[in-house]
Amino acid sequence: MIITEKSISLNEKSKQLSWKQFSKAFLNASPNGIVVTDCSFKTAISNKKAQEYLDIFTGTLIQTTLPELTEHSTAVLKDTITLRDIQIIRHNKKFMTRISPIIWKEITLGLFYLFEDVTTLEKVSKKMKSYQEISMELDTIINSSHDGFWICDGQGKVIRINPASEELTGIRAEKFIGKFMQELVDKRFIDRSVTLKVLKSQKKETIIQHTKHGKNLLLTATPVFDKEGQLFRVVVNERDITEIETLKKEIEEKQALKAELEEDLLEMQIEASKAKKIIAKSHNLKTILKKAVKISRVDSSVLILGESGTGKGMIAEMIHYHSNRRDKPMIRLNCGTIPESLVESELFGYKKGAFTGADKNKAGRFEVADKGILFLDEIAELPLSSQVKLLRFLEDGHLSRIGDTASKKVNVRIIAATNQNLEKMVADKTFRQDLYYRLKVIPLHLPSLRDRKECILPLISHYIKYFCKKHKIKGPIKLTNNAGDAMEKYAYPGNVRELINICERLVVMNENNKIHYNDLPHSVMDSAKNDNLFTDIHDKGLSLREMMTTFEKQILKDIMNKHLTQSKAAKVLGLNQSTIARKLQKYKLI
């Protein structure tokens with residue numbers, strides 16, 4: 001092997017390199033502008049970044065080049081304090097400036113300026129990066145930094161650890177300076193070394209390091225090369241990101257919780273306004289609501305089935321609210337309230353001159369609902385002729401106005417509802433089978449109020465409060481136990497709609513903020529009486545004849561109490577007066 005001058009070891013070249021060259025290389029390796037001045041603010045040292053971005057060179061006066069720093073510099077010199085986060089702007093770049101006094105043996109020698117370019121940082125929402133790679137040789141500069149710094153030579157031997165690093169890692173400089181990074185990893189003083197990565201890759205590296213004290217540090221190592229391109233220093237910047245990691249984890253947990261809550265309808269309160277509110281206390285309705293939210297995310301047709309007054313329209317609104325079409329209209333059409341001759345024009349519109357009175361073009365409900373939802377209530381009332389056109393639209397999304405030969409494609413989701421038995425209507429050929437199955441892609445069967453009794457009292461409480469507020473009646477208005485029991489046992493053939501009407505009547509007619517049993521509608525009281533009567537005679541173990549006799553007596557008694565005269569009672573019961581008189585005498589009711 002031939003040994004030449006070029007094969008001199010890195011250690012020898014490192015020793016031969018002058019301190020001036022090294023300091024210059026170190027300073028220029030920093031991504032920040034670094035300036036050192038004397039006590040008159042005259043520049044003694046400035047690195048490449050300071051020269052390039054701030055026009056500060058050796059001999060430059062700070063008060064001339066950066067006059068906005070004069071007052072701050074004077075304060076630092078006077079009070080020997082460090083000022084941070086001073087903003088200056090030069091050449092469309094924003095710098096955060098820190099000014100520190102340079103003190104040697106209690107004598108202030110000058111000022112140290114650190115200019116951090118935060119332009120890019122602000123553009124990326126202040127994401128954390130390592131911006132500070134500070135000189136190894138200037139102790140005052142190193143100790144001014146609040147970030148930790150390790151400085152190693154070209155073989156990975158530790159030559160500097162600043163006080164901030166000691167605080168972050170718990171590693172004391174006097175014990176580890178002179179040791180090699182590989183030794184620190186082998187003896188598990190640290191879990192991994194970014195310096196070793198740089199020695200291998202010869203380029204800037206960043207890692208996350210976990211300390212024994214439970215901190216997470218962001219380590220960025222920058223290689224420093226000499227004029228021959230040989231790596232002779234590695235400057236490591238350390239920053240504590242423990243809090244950021246904790247916040248990130250909390251955000252991820254909250255996002256996961258949010259997604260879970262959105263899926264879990266049992267925990268969700270359905271938004272509503274005025275008198276419209278879905279109160280789900282029964283398992284069957286909770287299941288329906290959960291399914292409704294789930295299907296709102298797709299564009300399939302929905303068929304809502306249920307008795308009148310069960311809230312089919314509210315379920316349609318709920319699907320619309322949770323769908324990706326919520327910013328577009330949900331257009332309603334009650335097929336049962338439109339004359340048969342006008343249904344088709346209402347749905348599909350018409351062209352000017354299509355028929356007498358058509359003096360202008362008119363868009364139908366489908367066109368108005370484009371990119372939104374069309375809610376067809378009482379779909380069973382749709383004429384067969386209109387059913388054909390609706391089926392055709394569901395197949396290809398095209399429609400034609402009456403009197404127009406051109407077709408138009410619209411993007412509309414269909415939600416239909418009915419209280420009738422469509423399967424029976426299909427069997428009777430009064431509703432098209434193919435349309436039925438097109439609409440019934442996703443069926444929702446709403447339970448009647450009598451089948452979800454757990455909801456009755458919460459609904460009553462809600463609507464009593466609502467009508468008190470609406471009619472400006474000072475509350476609260478409460479039901480007695482007997483009244484509450486009767487309201488809960490009532491079958492509500494009109495479902496929620498009937499319950500709402502009863503609540504409004506009770507609130508309006510109430511006088512003492514107490515609703516008693518006798519304040520209830522006769523239909524509710526009669527239902528409660530009959531229910532109690534049946535319970536009584538059933539518990540007594542009477543025969544069928546004895547039960548019928550007891551029922552007949554009670555019915556006659558109730559009718560006479562309500563109508564007073566035998567003639568009126570006879571008319572209500574569909575009997576003649578003599579029969580009524582005979583039965584009253586039989587049961588000793590007169």
Side-chain angles (χ1 to χ4, degrees), residues 261 263-296 302-322 375 377-378 415-423 440 442-467 478-507 515 517 520-521 523-528 530-532 534-535:
L261 290 176
E263 292 292 332
D264 188 2
L265 190 63
L266 302 183
E267 300 297 329
M268 188 187 337
Q269 282 296 98
I270 307 301
E271 278 194 37
S273 61
K274 299 184 179 179
K276 295 182 178 180
K277 184 164 184 175
I278 299 176
I279 294 178
K281 297 294 183 180
S282 64
H283 176 73
N284 54 1
L285 185 57
K286 287 179 180 179
T287 301
I288 291 294
L289 296 185
K290 187 172 183 179
K291 187 176 180 181
V293 170
K294 186 174 183 180
I295 64 177
S296 67
V302 180
L303 180 60
I304 306 174
L305 305 168
E307 297 178 7
S308 293
T310 51
K312 297 186 288 296
M314 293 172 67
I315 294 297
E317 289 177 353
M318 177 180 161
I319 293 172
H320 175 247
Y321 177 81
H322 288 282
F375 176 46
D377 200 7
E378 304 300 341
I415 299 178
T418 183
N419 61 358
Q420 298 194 39
N421 187 337
L422 286 185
E423 289 186 357
K440 193 188 174 184
I442 303 175
L444 290 177
H445 296 268
L446 295 190
S448 61
L449 189 54
R450 61 184 171 276
D451 292 328
R452 52 184 184 101
K453 286 189 174 293
E454 300 94 328
C455 301
I456 292 176
L457 290 181
L459 280 167
I460 292 171
S461 175
H462 167 72
Y463 285 112
I464 285 178
K465 291 177 183 176
Y466 168 75
F467 287 118
K478 302 289 185 180
L479 277 78
T480 63
N481 291 337
N482 289 340
D485 290 343
M487 290 282 281
E488 188 174 27
K489 291 177 181 178
Y490 183 54
Y492 296 97
N495 289 293
V496 179
R497 188 178 295 125
E498 181 182 5
L499 180 144
I500 293 172
N501 292 339
I502 291 174
C503 288
E504 184 170 15
R505 186 188 321 163
L506 292 174
V507 169
I515 298 173
Y517 177 82
L520 302 179
S523 58
V524 178
M525 289 193 293
D526 291 345
S527 175
N530 292 336
D531 184 63
N532 292 335
F534 177 79
T535 302

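Side chains are part of it too, since the values below use all heavy atoms of this structure and drop only hydrogens, waters and symmetry mates.
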Closest approach of [X] to [Y] (non-hydrogen atoms, all atoms of both residues):
X      : Y      : value
Phe467 : Cys503 : CD1-C, 4.1 Å
Glu307 : Pro493 : OE1-O, 4.3 Å
Asn419 : Ser308 : ND2-OG, 2.5 Å
Ile515 : Ile464 : CD1-CD1, 4.0 Å

If you measure from [atom1] on [X] to [atom2] on [Y], what distance do you get to the nearest 0.5 Å?
X      : Y      : atom1 : atom2 : answer
Lys291 : His445 : NZ    : NE2   : 7.5 Å
Glu378 : Gln420 : CD    : CD    : 7.0 Å
Ile319 : Ile295 : CD1   : CD1   : 4.0 Å

**Item:** Between Thr480 and Asn482, a side-chain donor and acceptor under 3.5 Å
**Value:**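 Thr480 vs Asn482: no donor-acceptor pair found between side chains.
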Side-chain contact test, heavy atoms from C-beta onward, threshold under 4.5 Å: evaluate it for [X] versus [Y] and give yes or no.
X      : Y      : value
Thr418 : Leu305 : yes
Ile502 : Met487 : yes
Tyr490 : Leu520 : no
Leu303 : Leu422 : yes

Please confirm whether the backbone N or O of [Y] pairs with a side-chain atom of [X], one donor and one acceptor, at under 3.5 Å?
X      : Y      : answer
Tyr492 : Arg497 : no
Lys312 : Asp377 : no
Asn495 : Ser448 : no
Tyr517 : Met525 : yes
Ser296 : Val293 : yes
Asn284 : Pro447 : no
Lys281 : Arg452 : no

**Request:** Give the intermediate values and the outcome of side-chain contact (heavy atoms from CB on, under 4.5 Å) for residues Arg450 and Ile456.
**Result:** CA-CA 8 Å; Arg450 61 184 171 276; Ile456 292 176; over 6 Å; no
**Residues in side chain to side chain contact (heavy atoms under 4.5 Å, CB included) contact with Glu488, at least two apart in sequence or another chain** =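 Scan of Glu488 (side chain to side chain contact (heavy atoms under 4.5 Å, CB included), adjacent residues dropped) gives Leu457.
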**Prompt:** Which class fits the ring pair Tyr466 and His462: parallel under 30°, tilted 30 to 60°, perpendicular over 60°?
**Reply:**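 If you compare the ring of Tyr466 with that of His462, the planes turn out parallel.
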**Item:** Residues, nucleotides or ligands: over 12 heavy atoms within 6.0 Å of Lys465 NZ
**Value:**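 Atom NZ in Lys465 is not crowded, with 12 or fewer foreign heavy atoms closer than 6.0 Å.
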**Request:** Decide yes or no on side-chain contact (heavy atoms from CB on, under 4.5 Å) for Leu459 and Leu449, but give the supporting numbers first.
**Result:** CA-CA 10 Å; Leu459 280 167; Leu449 189 54; 3.8 Å; yes
